[in-house]
Each structure stands twice: as structure tokens, then as C-alpha cells.
Amino acid sequence: MNDTPYRYDPALAEQIELSWQDRWAEEGTFRAPNPAGPWADAQGVGDREKLLVLDMFPYPSGAGLHVGHPLGYIATDVWARYHRMIGKNVLHCLGYDAFGLPAEQFAVATGQHPRETTEANMVVMKRQLRRLGLGHDDRRTISTIDPEYYRWTQWIFLQIYESWYDPDAERADGGRGRARPIADLVAALESGARPLDGAFAGRAWSDLDRTEQHAYLDEHRLAYTAEAPVNWSPGLGTVLSNEEVTNEGRSERGNYPVFRANLRQWMMRITAYADRLADDLDRVDWPEKVKLMQRNWIGRSHGARVDFAVADRGGAAGPGATPRAGVDPITVFTTRPDTLFGATFMVLAPEHPLVDELVEDVWPSDVPQAWRGTTVDGAPVEAASPREAVAEYRRAAGRKSDVERQVEDKTKTGVFTGGYGINPVNGEAIPVFVADYVLMGYGTGAIMAVPAHDARDYAFASAFELPIRDVVAPSDADVATFSPTTSLDAGAAFTAGGVAVNSANDEVSLDGLGLEEAKERISAWLSQKGLGESTVTYRLRDWLFSRQRYWGEPFPIVFDEDGLAHALPDSALPVELPDVPDYSPKTFDPDDADTSPEPPLSRVPEWVEVELDLGDGPKRYRRETNTMPNWAGSCWYYLRYLDPANDEAFVDPAVEEYWMGPRPTTVPGAPAGVADPGGVDLYVGGVEHAVLHLLYARFWHKVLFDLGHVSSEEPFRRYFSQGYIQAYAYRDHRGQPVPAAEVEESTAPDGTVTYSWRGESVSREYGKIGKSLKNVVSPDEMYEAYGADTFRVYEMSMGPLELSKPWETRAVVGSQRFLQRLWRNVVDETTGEVVVTDDALDDETARLLHRTIDGVRSDYAGLRFNTAVSKLIEFNNHLTKRDATPRSAAEPLVLMVAPVAPHLAEELWRRLGHEESLTYESFPEADPAMLVEDTVTCVVQIKGKVRARIEVPADVSESELEATALAEPRVADLIAGQTVRKVIVRAPGLVNIVTG
């Protein structure tokens with residue numbers, strides 16, 4: 001016989017939770033009204049403050065959620081629920097980032113359409129998320145694979161494609177530079193108001209033929225096609241992003257070789273926004289470490305562009321070189337133009353287009369053996385000529401990722417091209433090498449090497465027996481007597497600050513100047529001579545925006561018989577994905593770099609070849625067969641949440657302005673005088689997406705802002721990076737993860753603990769919980785064993801939200817006991833009757849209640865959920881010690897618990913006699929008078945040592961406190977017979993008596 005049929009156990013928790021989830025769904029409890037459109041209620045949004053709370057939306061994996069996923073979802077739910085209770089109109093919703101590689105891989109393996117598996121996965125995740133009790137507006141769930149969603153993704157792409165960045169256009173904030181319709185550029189070119197530039201300078205727009213006009217506009221469009229260096233994996237048959245390439249230069253999936261190849265790709269001109277993307281980080285409320293990550297990725301550097309003429313063939317190192325006619329100079333970007341006199345060689349990236357011009361067919365007779373170089377693996381080169389050596393080096397470098405090439409402590413490798421550049425400040429011919437530590441994607445892909453003052457250049461010069469010339473000396477050096485061969489720091493480059501030395505010619509001298517003054521003087525001289533100029537460069541490259549895959553958004557672009565791109569009209573959207581006979585891209589011999597992608601969509605000729613009338617009569621066109629990357633759908637989904645029922649626009653302007661428009665006040669720490677950028681009020685997600693996803697979304701949003709489609713300048717006004725849930729993972733002798741759930745633990749008689757899997761010894765480590773480490777714990781297990789509310793309370797109590805935390809299933813019971821005690825404080829486990837009384841609160845309970853209210857309000861608002869839970873447990877434990885719980889304590893406690901354990905709180909609220917959901921009940925407010933302590937403990941010291949503690953009124957005066965302390969019996973005994981020289985009083989907490 002069960003003596004406690006109403007005990008709060010997992011079975012009762014499930015019953016309560018499912019019941020309330022059904023009621024919330026039936027009543028539309030979490031549906032937030034819009035200010036306009038079909039979801040505007042009769043009263044509108046009134047004068048309630050709005051709050052937009054979002055999470056980075058998940059990919060619908062077939063494995064469903066693990067316990068690490070809900071951490072951020074629960075946190076935003078707690079925050080959203082709290083703010084509903086303090087009167088705000090809160091919008092909280094979640095969708096699915098459903099395009100992507102995993103579903104396509106599964107389709108390749110099984111022949112099942114990716115949509116079928118993706119939608120099946122979404123069903124699983126929706127069930128798991130619903131069971132968690134999240135207060136999402138269910139009307140606003142979106143999926144990026146829904147054609148009605150990616151219709152607008154394609155529409156936004158076309159807005160970007162039909163735009164250009166006008167650096168001279170004035171913005172609303174008074175700055176210059178913004179996107180404008182490409183039609184404005186065409187109109188200015190046609191009228192002659194804007195002259196042609198670049199390769200078309202000096203010609204009239206009307207003189208250009210159709211192909212030339214397209215080419216000119218493509219040079220300005222924010223979305224364009226170009227031959228671009230990409231990571232090409234023949235074994236996979238697709239181009240990979242840098243993130244999909246390992247440090248060993250192989251594909252993360254399949255471990256195939258990856259080559260650098262120039263292929264036609266869609267690009268986004270994100271570099272046009274580099275300054276705004278960097279500067280506007282000061283206007284958002286983000287963690288400083290994330291801002292730093294984005295700034296480093298953008299990589300803005302101030303320096304100078306310098307032109308080195310190419311020396312005549314047959315030359316050698318030394319002064320008096322003659323420039324080679326008809327060959328473009330080697331342009332470098334340097335942040336240290338003050339060291340130009342110390343440049344003793346040059347290095348080009350293997351991909352640099354001038355390599356072919358520079359490379360010689362015969363090794364010069366006086367070239368040191370070391371200059372003949374090494375392979376990228378460090379082996380000596382045995383090639384018969386520079387051309388042969390460089391070709392082999394370039395092939396090998398093409399197999400390495402940019403990350404691998406930038407490893408600081410690797411041996412420097414390279415090959416002499418046989419050519420020389422001429423240093424513009426002294427006319428000296430210096431050798432030009434090819435080396436993989438220089439990247440085509442940063443600066444100009446060429447560097448002037450100053451080995452005396454750059455660590456990487458020093459390492460290269462040491463390996464290749466190249467001269468090292470000091471041109472910067474310590475600030476206290478004697479400039480007049482400083483020798484160019486002085487060794488400032490044997491075995492290393494001198495990279496500290498100082499003054500310029502050995503840096504003068506007949507027209508300019510830097511000697512004795514400090515760093516900044518020397519930079520300014522040499523930059524001015526270079527500009528005057530037409531040899532360079534001050535400039536800014538960026539590490540950020542234009543965004544490679546196409547993939548040779550099936551499961552992604554089709555481009556709304558077609559090509560005519562001349563290969564010219566044409567945008568489809570809005571009426572042709574969405575361009576839906578067709579069915580294909582084979583989801584795999586064509587693969588090749590993994591080592592065959594001389595191959596090109598053939599995307600799956602190219603196998604559907606009836607879809608690829610299409611007849612359209614784009615304004616000049618029906619014609620045959622060819623569709624783009626690449627697809628967009630999965631970043632496309634995640635660049636703007638937060639906007640579609642606002643207005644997903646709108647089939648006339650991607651978002652109603654009034655709706656966007658209400659939820660995301662700028663505020664009257666700026667974020668904490670924003671520069672004075674800047675306008676608030678607007679954006680999502682709280683965006684929570686892992687730091688692994690803190691660079692690319694956030695950067696790409698910011699770029700799209702700024703284009704939409706420039707074109708007048710949104711009122712906010714930033715997508716995410718406040719971003720919070722949650723930590724990871726970690727768990728033990730186990731690896732076998734190969735270092736491969738094994739299923740953590742199958743590992744057996746053994747303890748030897750001496751206490752040594754060992755671990756084994758299928759009879760084999762394994763090692764244990766802590767790692768981020770997830771499929772890759774095979775240490776997944778499913779939330780379904782937690783729901784079944786404890787209930788969703790216990791799971792929610794445990795995750796919120798584990799520690800600060802921003803820190804990573806270890807998962808320990810056995811510790812969940814502590815959260816369960818808290819909720820069980822709360823239940824017993826309100827409900828009799830035997831009868832199910834409510835046991836609260838109408839007794840008045842005693843003074844101690846009243847004061848603790850109001851301190852708890854004050855603390856929990858502050859903690860909820862500050863995302864300090866672990867300390868909020870701790871305060872709730874403390875107050876609940878206090879009530880447990882009483883004979884009965886007063887209603888005036890139970891009801892505020894239930895309301896405070898509601899954000900973190902909503903199902904249990906709703907049930908207790910109902911049992912306490914309330915018919916309506918507590919979702920919109922007012923959160924308790926503390927009485928300020930009850931927060932003032934009546935008494936405090938004062939520490940009494942004698943000669944600095946604590947000798948007594950006394951209870952005194954909180955508002956005690958210093959004279960009263962001194963008298964009370966001296967009268968304290970223990971203190972009086974200790975100072976008896978001594979002279980009190982001084983009494984230091986810090987009311988109300990400290991008295992220090994000095995005797996002598």
C-alpha cells in the first residue's frame with residue numbers, strides 16, 4: 001500500500017508537466033502580440049515594454065538533443081518567463097537550421113531524400129523541446145528548408161546582388177559608406193555623373209558592350225562571381241570552408257587531401273563593411289572576448305603600401321638594379337614601413353599571380369645552395385631549375401590549409417624564384433622567394449622581409465643564409481655610431497620599440513626618429529615619389545558563398561548564352577530544389593588536383609535548362625547549379641520569427657521596428673554620441689559560432705539597413721555566450737572515443753581506479769558533451785528519471801551560465817529533493833490537500849522572504865540563475881523547519897520558482913486556489929523596509945586581534961558603539977589595568993581598541 005500517493009515523484013512530475021504543456025498549447029499562453037499584421041490583438045501592444053529573447057537555433061540531428069543543448073534554451077526561458085512576470089511583452093521562439101551536410105551525407109548513403117530525414121529529426125527534437133516546457137510562441141517556429149522561408153532567403157540574396165557599396169554615400173549616423181541599389185550606379189554611369197574607373201577608366205558607359213558592362217557592375221556588386229582560391233577536395237567532390245579542413249590539410253570528413261584551386265564561385269563583398277563591422281562592436285553589449293575574436297578575424301591593420309619594381313633578368317643581389325620593363329611591380333603591405341631600409345629579401349605566397357613572371361628557367365650560378373630551397377615538408381630541393389622547384393613547391397603547398405601554414409613554430413620552408421625585387425629606398429636588388437608562411441588572403445600576398453625585426457622573417461633568413469640588417473635600435477642607442485651589422489639580440493629578432501638607425505638616403509632620413517614619426521615620414525616620401533602610400537588592410541576576405549552540394553538553397557540566378565548572370569524576378573521565387581537521381585557530388589581520385597566540381601544539380605537538365613522572359617522576350621537560360629552555404633538561412637532567421645505569416649514581405653517594417661528598433665539609451669560602455677543600434681534584446685549561444693555566424697548575420701543586416709528594409713543597424717544588441725556541459729569521455733589505445741555508457745570502472749585493492757571497454761583498457765578525460773566524444777546523455781533519460789522541472793533546476797544550478805560545467809547525473813537528485821520539499825510545504829503527500837495556513841509571518845520569516853525576493857529578482861535579471869536557485873532553496877528550507885507554511889510565504893515562493901520550474905509552480909498555484917496561469921502574474925516585490933537589518937554583528941578587536949563579537953543596532957552611532965564595546969564584559973576583562981590609547985570605530989561593524 002502506498003502511504004504517500006501524492007508524493008512528488010517522476011510519475012507525478014510527468015503527469016503535471018504534460019498536463020500543463022497541453023494547457024499552454026491550447027490557450028496559446030506564450031503567443032506574443034505584434035503591433036501590426038494578423039497577430040496584432042485588439043488592444044495592440046499597449047504601453048508594455050517589449051523584449052525579444054532568442055537562442056541560436058539548432059540543426060535537427062537524427063540523434064536528437066543531449067543534455068548540453070538545453071542549457072541555453074532553459075536559461076533564455078527562465079529569463080523570458082521572469083520578464084513576462086514583470087510586465088513585458090516577451091517574444092521567445094525557436095526554429096530549425098535544417099539545411100546542411102549531415103542530412104545530405106545520410107541521403108548519399110541511403111538514397112533517402114534529405115527532406116524526409118530532416119523532417120523526421122525535427123519531429124524528435126520538437127517532442128524533446130516541448131517536454132522541456134519552454135515558453136515559445138508556437139506560431140513562429142520556422143525551418144530554413146521550407147520553400148516559403150527560403151523564398152525570402154533568395155529574395156535577400158537578390159537585394160545584395162542588386163546592390164553596390166558607395167564609399168561616399170552619407171549614412172543616417174553622419175558617417176560615409178553604405179549600400180545602394182545597383183540601378184543608382186547604372187544611372188550615374190549613363191548620365192556621366194560618375195566616371196568609369198579601374199580597367200575601364202577613360203571610357204564612356206555607352207562605349208562598353210554588353211559583356212563589358214556586366215563585368216564592370218560585377219566588380220562593384222555586393223554579390224558577384226569570381227575565380228577564387230578555394231579548398232578543393234577531389235575525394236569528396238566539393239569545395240570546403242576553412243573550418244572543414246584539418247591542420248594537416250585534409251578534409252575533416254573522410255580525411256581526404258585538400259588542394260588550393262582557383263574556381264568560379266559566388267562571393268559576398270563583406271570586406272566593404274570591414275570598418276563598420278569592426279567599429280560597431282563598440283555599440284553592442286557582447287562579451288569582450290567575443291568582440292576581440294571578431295576584431296581579430298577582421299584583422300584591420302594600419303600601414304603602408306609599397307611598390308618594389310621587378311629587376312631585369314640575369315641580375316643579382318646588390319645595389320644599382322635596373323627595373324624590368326612591362327612587368328607590374330611587387331606590391332606589399334607592411335605595418336612597419338619605418339623598417340623599409342632593413343628589407344633584405346621578399347617572399348610571395350605560392351598562389352601569387354606574379355610568381356610565373358618572376359620564376360627563372362635556370363639557377364643563377366652564384367646562388368647559394370640554401371636558396372634552392374626546401375619542399376613544404378623541409379626536404380632539400382633537387383630540382384634542375386627554379387621553375388621546376390617552384391612548381392613542385394606550389395603543388396605541395398596547395399595541400400596545406402591556411403591554419404597549418406600559419407603555425408608559428410614550424411620550420412620555415414621555401415624556394416628562390418630566381419627573380420629580384422628592387423627596394424625603393426636604396427635601389428638594392430633583393431631576392432624573391434616563394435614560401436607558404438605568406439598567405440594570398442592577407443594583405444597583398446607578398447611581404448618585404450625585415451629579418452632583424454620580425455621573428456618569422458628572422459627564422460627564414462637563418463634557414464636560407466640571408467642577410468640580417470638592423471634598422472631599429474633601443475631608444476638609448478648612439479645613433480651616430482650604430483653599425484648595420486650590430487647584433488642586438490643574438491639568435492632572435494629585435495622586435496621592441498626604439499629609434500630608427502641606418503635608415504637614410506639622399507632624399508629622406510629616418511635616423512633617430514621614433515616609430516610613429518618614422519612611419520609618417522617614410523610614408524609621405526613614398527607617396528611623393530609615387531612608390532606607395534599610407535593605407536589600411538584587413539585579414540577579412542570576401543565571403544565564399546557557394547557550395548557544390550545538393551541540400552542547400554538554390555541561387556535565384558540564371559546565365560545567358562554568353563555566361564552573363566541575370567537575377568530572377570520576385571515572381572519567380574522561390575526557386576525550389578528539384579529531385580535529383582544522385583545526391584552525391586561527383587568524386588575523383590583523391591590525389592588528382594587537376595579536377596573541377598560537378599554539383600548534383602547539374603544532373604537535372606530539365607531543371608538547369610529553362611526558357612524565361614526576363615524583359616526582352618523568351619530566351620533559353622541555364623540555372624546556377626551550386627547551392628548556398630548553410631550560413632544563408634541562419635543570417636536572417638531572427639527577422640522571420642517576427643512576422644512568419646507575412647507573405648508580402650520578409651518582415652513588416654512596423655513589426656521589425658517594434659521588436660528590434662533602436663532604443664533611446666545605448667548599451668553599457670558605448671561611446672558617447674553614438675546612436676543605439678537596436679537588435680535582439682538577448683541572444684544566447686555557444687562561443688563556437690561567435691565569429692562566422694555572428695559576423696555573416698551582421699553583414700546581411702547592415703545591407704538590409706542601408707537599403708531601408710530594417711530600422712536596426714545590428715542584429716543582436718546583446719549577446720551572451722553560455723558555457724558547455726562537459727562529461728567524462730573515454731579513448732582507446734588509438735585515441736578514438738568509445739561509448740561512455742559502455743565503459744566499466746574497477747577499483748584495485750590499493751585504491752587505483754581503472755576503466756575498460758569490451759575488455760580493453762581505456763583512458764578517461766573531460767570533454768564537451770556530444771556525439772563526437774560518444775559521451776551523450778539524453779534529456780529523455782532525465783525526463784523519465786526525474787521530470788523536466790528537476791532537469792531544468794539542475795542545469796540552472798550547476799554554476800555560472802557563462803562557464804563550462806561538469807555533468808554528474810547522480811547530483812540531479814539534489815534538485816529533485818528541493819522540489820519535493822517545496823511540494824510538501826504546500827501539499828500533503830498522503831491526502832493531496834493543501835496544507836498552507838493563513839497565519840501571519842513571523843519577523844524572521846518575513847525578513848528572509850523579502851531578502852529572497854530582492855536577491856532572486858536581481859539574479860534573474862542578471863542571468864545569475866545558479867545563485868537564484870540557491871536563494872530559493874535557502875528560503876524553502878527555512879519554511880520546511882516550520883510546523884506549517886503560511887500562504888503569505890508559499891505564494892510568493894511559488895511565483896519566484898515559476899521561471900525555473902514552471903510546471904510544478906503552475907500546479908501549486910492552481911492548488912492554492914488560482915484559476916488562471918501564473919505566466920502573467922506579477923513577480924513578487926520586496927519591501928525596502930524589510931531589507932534593512934535591525935541588528936548587525938560588530939567585531940571587537942584589541943590590538944588588531946578579534947576578541948569579541950557583539951550584536952548592535954544597524955544604525956548605531958560611533959559614540960554608542962564605542963561605549964558598548966568597552967562595556968562588553970570580555971573586553972572589559974582583557975583591557976583591565978591597561979591604558980586605552982586609542983579606539984578606532986567603523987560603525988556598525990568594527991571597533992579596534994589600541995592599548996599601551
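Below, all heavy atoms of this structure are taken into account, side chains as well, without hydrogens, waters or symmetry copies.
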Looking only at non-hydrogen atoms, find the nearest pair between [X] and [Y] and report the distance.
{"X": "A343", "Y": "R469", "result": "O-NH1, 4.2 Å"}
{"X": "T339", "Y": "R336", "result": "OG1-O, 2.8 Å"}
{"X": "V355", "Y": "P350", "result": "CG2-O, 4.2 Å"}

Is the shortest heavy-atom distance from the side chain of [X] to the side chain of [Y] under 4.5 Å?
{"X": "P431", "Y": "Y420", "result": "yes"}
{"X": "P234", "Y": "P590", "result": "no"}
{"X": "V501", "Y": "F341", "result": "no"}
{"X": "W543", "Y": "L695", "result": "no"}
{"X": "T334", "Y": "V306", "result": "yes"}

request  = Using the side-chain contact (heavy atoms from CB on, under 4.5 Å) rule, pick out the option among L277, T271, I270 that qualifies with I298.
outcome  = L277
inquiry  = Pair H302, K519 - check side chain to side chain contact (heavy atoms under 4.5 Å, CB included), show working.
reply    = CA-CA 10 Å; H302 295 266; K519 283 183 179 182; over 6 Å; no
message = Centroid separation under 6.0 Å, is that true for the rings of F545 and W631?
response = no
inquiry  = Before we go on, tell me: are the rings of F464 and F345 under 6.0 Å apart, centre to centre?
reply    = no
ask   = Cut-off 3.5 Å, side chains only: do Y550 and D582 have a donor facing an acceptor?
value = no
ask   = So, R547 and N626: side-chain donor and acceptor under 3.5 Å apart, yes or no?
value = no
Who pairs with [X] by side chain to side chain contact (heavy atoms under 4.5 Å, CB included), at least two apart in sequence or on another chain?
{"X": "A496", "result": "F494"}
{"X": "T331", "result": "R305, D307, T444"}
{"X": "R387", "result": "V359, D361, S385"}

inquiry  = Tell me if the CD atom of E507 is crowded by more than 12 foreign heavy atoms within 6.0 Å.
reply    = yes
inquiry  = Taking the basic N atoms (NZ, or NE/NH1/NH2) and the acidic carboxylate oxygens, is any pair closer than 4.0 Å for R210 and D562?
reply    = yes
task = Tell me, with the steps shown, if W164 and L217 meet side chain to side chain contact (heavy atoms under 4.5 Å, CB included).
result = CA-CA 9 Å; W164 66 297; L217 295 181; over 6 Å; no
task = Classify the angle between the aromatic ring planes of F416 and F433 as parallel (below 30°), tilted (30 to 60°) or perpendicular (above 60°).
result = tilted
Listed by chain and number, what are the ring-ring contact (aromatic ring centres under 6.0 Å, His included) partners of [X], not counting sequence neighbours?
{"X": "F200", "answer": "Y216"}
{"X": "H352", "answer": "none"}
{"X": "Y538", "answer": "none"}

ask   = What do the steps show when you test T587 against Y256 for side chain to side chain contact (heavy atoms under 4.5 Å, CB included), and what is the final call?
value = CA-CA 11 Å; T587 59; Y256 291 109; over 6 Å; no
ask   = Passes side chain to side chain contact (heavy atoms under 4.5 Å, CB included), I447 versus Y437? Steps please.
value = CA-CA 10 Å; I447 66 164; Y437 77 93; 3.7 Å; yes
